[in-house]
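Taking it in order: structure first as structure tokens, then the write-up.
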Amino acid sequence: TATADGQPLAESGTEVEKYKNVTFKATARDGYYLDHWDGWEGASAAGENDTVQVKVLNKVSVKAVFKRLYPVVFTSNDENKGTVTAKVNGESIESGTKVREGQNVTFTATPKPGFCVKDWKGATPQTAVPQKEPMEATIAVSGSITVNVDFAKIMRLTVTPKIQNVHISEEGILTFDEVPGAVRYE
């Protein structure tokens, strides 16, 4: 909306007397935010203020530039096995938060003791999986983001090697059985 001396301007292109102040108010629709103003000297100083005042010195075109907000959703396959968190500009966000286009979201997957990060869906971590330590993945927002991290139980495997045809005596002496077709080296 635009007003001059407190009176609303009917439409875009309305002429206003020179040296009058015109107040512009920008209101973002759901899913958008005011990124910046454009079109007159001093527009960059207005930043993201939703209301600006412009003194009419010459013909001027005032433009409010809006950009998208995108939802960022992140989940764990089982909160008892591990958690997923996210930050934008160092600030924690909740799953479902709408984030500005172009911002970076850093996701952290933290397995609980006895579990590991098994797989990421929707993001590529900075290290390979599986990992038993916390892992991060960063995404630049250009659309809706959904990240799911799978955690799994760490399995312990004990391997006891067995060498066939070899015997170890109590004194630590190795003896080998003759194996048909084998070549013997001395």
Side-chain angles (χ1 to χ4, degrees), residues 1-77 79 82-111 117-129 131 134-151:
T1 61
T3 58
D5 290 335
Q7 298 300 313
L9 299 179
E11 59 187 58
S12 179
T14 301
E15 290 191 19
V16 176
E17 292 177 38
K18 192 171 186 176
Y19 304 114
K20 288 247 181 192
N21 287 320
V22 179
T23 302
F24 295 90
K25 181 164 178 55
T27 305
R29 291 184 182 155
D30 188 40
Y32 290 85
Y33 69 96
L34 175 62
D35 185 61
H36 66 276
W37 291 89
D38 198 14
W40 79 96
E41 188 177 322
S44 62
E48 297 177 27
N49 292 321
D50 66 350
T51 303
V52 296
Q53 195 169 60
V54 179
K55 180 172 253 173
V56 177
L57 301 174
N58 297 308
K59 185 172 183 175
V60 65
S61 175
V62 176
K63 180 178 171 185
V65 179
F66 296 92
K67 287 192 177 178
R68 291 283 314 255
L69 292 168
Y70 291 101
V72 175
V73 176
F74 48 97
T75 59
S76 162
N77 69 320
E79 293 284 326
T83 59
V84 182
T85 59
K87 290 185 177 184
V88 176
N89 296 328
E91 297 290 324
S92 294
I93 63 169
E94 297 292 323
S95 181
T97 298
K98 291 182 179 179
V99 176
R100 292 177 175 204
E101 181 178 9
Q103 289 189 302
N104 289 326
V105 180
T106 300
F107 299 92
T108 303
T110 306
V117 177
K118 179 182 174 188
D119 189 32
W120 288 74
K121 292 177 186 76
T124 303
Q126 296 162 344
T127 54
V129 289
Q131 287 286 330
M135 302 179 69
E136 288 188 347
T138 300
I139 299 175
V141 177
S142 62
S144 298
I145 296 174
T146 300
V147 171
N148 181 274
V149 179
D150 290 331
F151 295 91

Apply side chain to side chain contact (heavy atoms under 4.5 Å, CB included) to T110 and list each qualifying residue two or more places apart in sequence or on a separate chain. T83, T108, P134
Rounded to the nearest 0.5 Å, how far does OG1 of T3 lie from CG of L9? 6.5 Å
Can you name the nearest heavy-atom pair linking G39 to V60, along with the distance? O-CG2, 3.9 Å
Do you know the tightest heavy-atom contact between V52 and N49? CG1-O, 4.2 Å
Just jot down the side chain to side chain contact (heavy atoms under 4.5 Å, CB included) partners of L69, sequence neighbours excluded, or say none. Y33, K98, R100
From CA spacing to verdict: side-chain contact (heavy atoms from CB on, under 4.5 Å), I145, F107: CA-CA 11 Å; I145 296 174; F107 299 92; 3.9 Å; yes
Once side chain to side chain contact (heavy atoms under 4.5 Å, CB included) is applied, do any residues pair with N89, and if so which ones, sequence neighbours excluded? Q103
Please determine whether the number of non-hydrogen atoms from other residues, nucleotides or ligands lying under 6.0 Å from atom NZ of K55 exceeds 12. no
With a sphere of 6.0 Å drawn around CD of Q126, does it hold more than 12 non-hydrogen atoms of other residues, nucleotides or ligands? yes
Residues passing the side chain to side chain donor-acceptor pair (under 3.5 Å) test with N77, sequence neighbours excluded, are none
Do you know which two heavy atoms are closest between D150 and N148, and how far apart they sit? OD1-OD1, 3.2 Å
Go through it in stages, so that I can follow the logic: the residues are V72 and V88, the test is side-chain contact (heavy atoms from CB on, under 4.5 Å), and I'd like the CA-CA distance, side-chain angles, deciding distance and then a yes or no. CA-CA 11 Å; V72 175; V88 176; over 6 Å; no
The criterion is side chain to side chain contact (heavy atoms under 4.5 Å, CB included); which residues satisfy it with V65, sequence neighbours excluded? H36, D38, K63
For S144, all residues meeting side chain to side chain donor-acceptor pair (under 3.5 Å), sequence neighbours excluded: none
Between W37 and A46, the two heavy atoms sitting closest are CD1-CB, 3.7 Å
Closest non-hydrogen atoms of T124 and A137, given as atom of the first, atom of the second and distance, are O-CB, 3.4 Å
What closest approach, in Å, do W120 and A109 show between heavy atoms, and which atom pair accounts for it? CZ2-CB, 3.6 Å
So, the side chain of S76 versus the backbone of G82: is there a donor-acceptor pair under 3.5 Å, distance only? yes
State which residues pass side chain to side chain donor-acceptor pair (under 3.5 Å) with K25; sequence neighbours excluded, sorted by chain then number. D50
List for me each residue that meets side chain to side chain donor-acceptor pair (under 3.5 Å) alongside Q53, sequence neighbours excluded, and say none if there are none. T23
One should read off an interatomic distance between I93 CD1 and K87 NZ, to the nearest 0.5 angstrom, of 11.5 Å
Under the salt bridge (Lys or Arg N to Asp or Glu O under 4.0 Å) rule, collect the residues that match up with K67, sequence neighbours excluded. D35
Go through the steps to decide whether V117 and F151 satisfy the test side-chain contact (heavy atoms from CB on, under 4.5 Å), and finish with yes or no. CA-CA 5 Å; V117 177; F151 295 91; 3.7 Å; yes
Going by salt bridge (Lys or Arg N to Asp or Glu O under 4.0 Å), name the residues that satisfy it together with K20, two or more places apart in sequence or in a different chain. D5
